[in-house]
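Since the structure comes first, as structure tokens, the remarks are kept for the end.
Note that this is a predicted model, so its numbers are computed, not measured. Counting convention: from 1, in listed order, for ligands and their atoms alike.
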Amino acid sequence: MAIIDDIRATAIAVPLRRPEIWTDGSRGGTNAVIVEIRTDTGLTGYGEAACGPGNSADPVLSVIENVKALLLGQDPTRIAFHANRFNGIGRWRLWRSFSNFALAAIEMGLWDLAGKMRGCAVSELLGGRLCDSIGISGYVLHDAPERMAEDAKRLVADGFAVLYIKAGLSEEADERTVRAVREAVGPGVRLRIDANEGWTRYDAARNLRRLAAYDLDMVEQPLAARDLAGMAGLRATFGIPIGANQSAWTFDDVGQVIHDDAADIIVTGPQSLGGLLPLLKVGGICEAAGVPLCRHSPAELGLSAAAGAQVLSTLRCLDDAHQSLDPHWVDDIVAGDGVRVARGRQPVPTGPGLGVEPDPVRIADFAARYRKDGPFVVRTT
Ligand SMILES: [Mg+2]
């Protein structure tokens, strides 16, 4: 039996080609932590942790450092056992909205190891895949309306059937950008907006009345995460599909959203849920409730994207427009094109484990950038 004999964590900073702007501010890139879990038999499993916009990698590194003692000397294949210990002995469930990022990276690394030890992709460990790729929405970064219109047309020409833009900036800006994108791509393209909790109930009522004219495919997180009654009310009043993202951050949150009829689509993913097992379980909840599951991208990179795709490929009740910042990174952290989005679809990698391997040169470059320039922060002016 292999045992875990070393765990390493590396903070990286990965720039975007141009800043991402949303209701909270703007950022030039993302901070992440790459975890390596090594066994005494010479195998390495890799995982990736998001850090949340504007946070340094320090809190994630701290959680990983604290969890190490629960894993060293242990059998890496007992993934559910280890996850229970993080949340039981470690009490990380008390902090899960944040600590789940770190636990996701570790749990992902254990799945990578489990697949490599058996010589198969993680999806094969979960029963086998139902699809070989997943649909991705084209993310039109917020910018001047004319620039967004051009970007939207290019994404549609590149094969994206669903577009995603940010809202919640101001009433005027929201209508300007939605109108510009809708007019640029015409009526046949599905258009989603994400207000990132930026509206009050009053704002949402005003904005949705105006924006209904642009045939919105989905409005994501119009209200504060806690306001499930408000979300349910918007569904009933406007008839526009509502997505729960910050409201569906953790496993328990998803159950509450379904119970309260607060969303038409659950938008969550391996990072906020704390790994692949909870994502699999959320997939079951969504199937039972008849509510599609859309993968949220908290600026995830190639390792996390591949991990999520392994699970999503085994699920039945899937959305067809998962989220990705893929076209906007200056570069990714994985070798090859195994998880690159093309023609609006992301392939589910077929190699052992997560199916992708980190590129050590690119990770070293992004780690050097983090050390030299520090983490990306959120600017609010
Ligand atoms: Mg969102």
Side-chain angles (χ1 to χ4, degrees), residues 16 19-27 30 50-55 97-98 100-101 104 134-142 148 160 162-169 173-174 177-178 181 190-200 203-204 207-208 211 216-228 230-231 234-235 240-251 253-254 256-257 262-274 279 282 286 291-301 304-305 308 312 318-328 341 346 378:
L16 291 159
E20 180 188 31
I21 299 169
W22 75 109
T23 191
D24 291 330
S26 71
R27 60 174 163 183
T30 196
C51 296
N55 297 314
S97 295
F98 188 85
N100 274 357
F101 292 148
I134 57 173
I136 302 290
S137 59
Y139 183 3
V140 184
L141 289 177
H142 184 81
M148 291 180 71
F160 289 92
V162 184
L163 298 180
Y164 166 99
I165 67 176
K166 293 296 189 186
L169 288 115
D174 290 350
T177 53
V178 168
V181 170
R190 288 156 54 202
L191 175 58
R192 296 181 169 186
I193 64 172
D194 186 354
N196 288 101
E197 305 182 83
W199 292 339
T200 62
D203 298 329
N207 282 305
L208 293 186
L211 298 177
L216 298 178
D217 183 69
M218 189 258 273
V219 177
E220 186 171 323
Q221 203 61 53
L223 302 174
R226 68 179 183 287
D227 191 5
L228 300 187
M231 301 262 283
L234 293 179
R235 291 183 65 214
I240 299 173
I242 298 292
N245 179 198
Q246 284 78 10
S247 292
W249 202 250
T250 69
F251 183 76
D253 295 338
V254 173
Q256 197 64 50
V257 168
D264 298 279
I265 299 180
I266 295 292
V267 186
T268 192
Q271 290 293 327
S272 64
L273 291 168
L279 180 61
V282 162
C286 287
V291 177
L293 171 60
C294 174
R295 183 193 62 198
H296 172 230
S297 170
E300 66 181 357
L301 301 161
S304 185
L312 297 178
L318 269 194
D319 185 31
D320 61 354
H322 302 280
Q323 299 178 352
S324 172
L325 271 158
D326 180 350
H328 303 300
V341 176
Q346 187 162 52
V378 173

Tell me if a side-chain donor or acceptor on Ser137 pairs with a main-chain N or O of Tyr164 at a distance below 3.5 Å. no

Just jot down the side chain to side chain donor-acceptor pair (under 3.5 Å) partners of Ser324, sequence neighbours excluded, or say none. none

Counting only protein N/O/S atoms, those under 2.8 Å from the Mg ion (ligand 1) total 3

Heavy atoms only: give me the nearest Leu223-Ala204 pair and the separation to one decimal. CD2-CB, 3.8 Å

For the pair Asp174 and Leu169, evaluate side chain to side chain contact (heavy atoms under 4.5 Å, CB included) and give the outcome as yes or no after the intermediate values. CA-CA 6 Å; Asp174 290 350; Leu169 288 115; 4.0 Å; yes

Check side chain to side chain donor-acceptor pair (under 3.5 Å) between Gln221 and all other residues, then give those that pass, not counting sequence neighbours. Ser247

Report the residues that fulfil side chain to side chain contact (heavy atoms under 4.5 Å, CB included) with Arg27, sequence neighbours left out, ordered by chain and then residue number. Glu20, Trp22, Thr30, Pro53, Ala299

